Amino acid sequence: MSSRGWPLWEVFVRARRGLAHTHVGSLHAPDAEMAVRNARDVFTRRSEGVSIWVVPAAAITASSPDEKDAFFDPAGDKVYRHPTFYEVPEGVEHL
Amino acid sequence: MHGNDATLDEPADDDPAFLALIDDDGRVEPRDAMPQGYRQSLVRQIAQHAHSEIIGMQPEGSWIGRAPSLRRKAILMAKVQDEAGHGLYLYAAAETLGVDRVDLLDRLHAGKQKYSSIFNYPTPTWADIGAIGWLVDGAAITNQVPLTRCSFGPYARAMVRICKEESFHQRQGFEILHTLSHGTTEQHEMAQQAVDRWWWPSLMMFGPADDESPNSARSMRWGIKRFSNDELRQRFVDMTVPQARALGLTLPDPDLAYDEATGHWHFGEIDFSELFDVINGNGPLNAERMAHRRGAHERGAWVRAAADAYAAKHASRSAGTAA
């Protein structure tokens, strides 16, 4: 097998404790362990992280960009879900 | 996540909805429908950019063993390692467009895709390492900062990371030249000669003049390029002239003069016949750079094979444990 067959891994890095892992990019590696080692060398050379996740890109299920309008439509007309929808009388605080 | 459905409806190159998205400063993501020309332009540009990063490891890599102090050696190693990382970010960005890194490398090795001509010039002295950092990386940063706002999301995000890391590259080059320039007469002379060698090739890194650059207008229409070659070149000259003064070095252009009316530095005419000659393979080191790259790839084959064997061994062991 050549590197042509190496799977693609999506890399997520936690910048510091208290923050969520964030997607930073992708790389090829023959297995998960080497993907983590390579991700350390590629994405955290300047102490950008304290924890790394790698996920096989093929394992991710995504919503289709074709559906984006219809799929996310239900949220479009529900402005009352936002606090800015409501009128607050002058002078009322901490609301 | 790289979905690359070739069956997606592909808009025409001048599709009004696509151009409207660009005009609205919108971003294009990998699974969006995009014009074929847009995709091809990006693959060509990102691949050339990635190739430049890894070929760019050679002129500096050759000085790691000869760096004048441990401090300089550690810095140079970190810089060359960064270039490899930048190559990887960019190959990964290109792959989101449906191409394979292995194929891109094959095309580089076959001479079918190009890298920046600047890396076909030699680095005969330690001062050349300073000049590369100050001028070549300086020009690259001038080019790259606007690319962080490129319309294609993965390319823009890769450029954000690269620009953050590049800033030390230029400073370390400036520091090398500053030290040499304020050293002995011989050291000063060595710094001056390196600047004389690299100044004009650095200006050529911005590409041909706007009216000679066939792809520029289209790339700008698509939000891939944000400024023209000549605009970026002028920006670089305006930033660099005062820095040269601080270094105590001169730039090899008798026509260099400040234009009070425009607020810009006027510079002499660039001999683009040299650039085209180097692009066409006649630079000082084109053949050597390509031979070294192909050789490194072939000599690295056992490492890739060993990584495969290691992964296979561990996979079979954990399968055995599970059974």
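Just so it is clear, the structure is predicted and the values come from calculations on it, not from any experiment. Quick note on labels: first sequence line is chain A, next is B, and so on, each numbered from 1.
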Side-chain donor-acceptor contacts of residues 77-86 of chain A below 3.5 Å, not counting sequence neighbours, with atom names and distances?
| from | atom 1 | to | atom 2 | distance (Å) |
| --- | --- | --- | --- | --- |
| A:K78 | NZ | A:P74 | O | 2.5 |
| A:Y86 | OH | A:Y80 | O | 2.8 |

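Side-chain atoms of B:H109 and B:L105, non-hydrogen and from C-beta on, do get closer than 4.5 Å to each other. Side chains of A:N38 and A:H28 form no contact here, defined as non-hydrogen atoms less than 4.5 Å apart. Using a 4.5 Å cut-off on side-chain heavy atoms (C-beta onward), A:H23 and A:E10 make contact.
Note on A:E33, A:M34, A:R46: by heavy-atom pairs under 4.5 Å with chain B, the leading option is A:R46.
A donor and an acceptor atom, one from each side chain of B:H169 and B:E166, are located under 3.5 Å apart.
For chain A, no part of B:R157 is nearby; none of its heavy atoms comes within less than 4.5 Å. In this structure, chain B has no heavy atom under 4.5 Å from any part of A:V55. Contact of B:E165 with chain A is made through backbone and side chain together, with heavy-atom distances under 4.5 Å.
The number of heavy-atom neighbours closer than 6.0 Å to CZ of B:R294, taken from other residues, nucleotides and ligands shown, is above 12. Dense packing is recorded around CZ of A:R45, with more than 12 heavy atoms of other residues, nucleotides or ligands lying under 6.0 Å away.
Aromatic rings from B:Y91 and B:H49 are positioned such that their centres are separated by 6.0 Å or more.
Using non-hydrogen atoms only and a strict 4.5 Å limit, the part of residues 80-89 of chain B facing chain A consists of B:Q81, B:D82, B:G85, B:L88, B:Y89.
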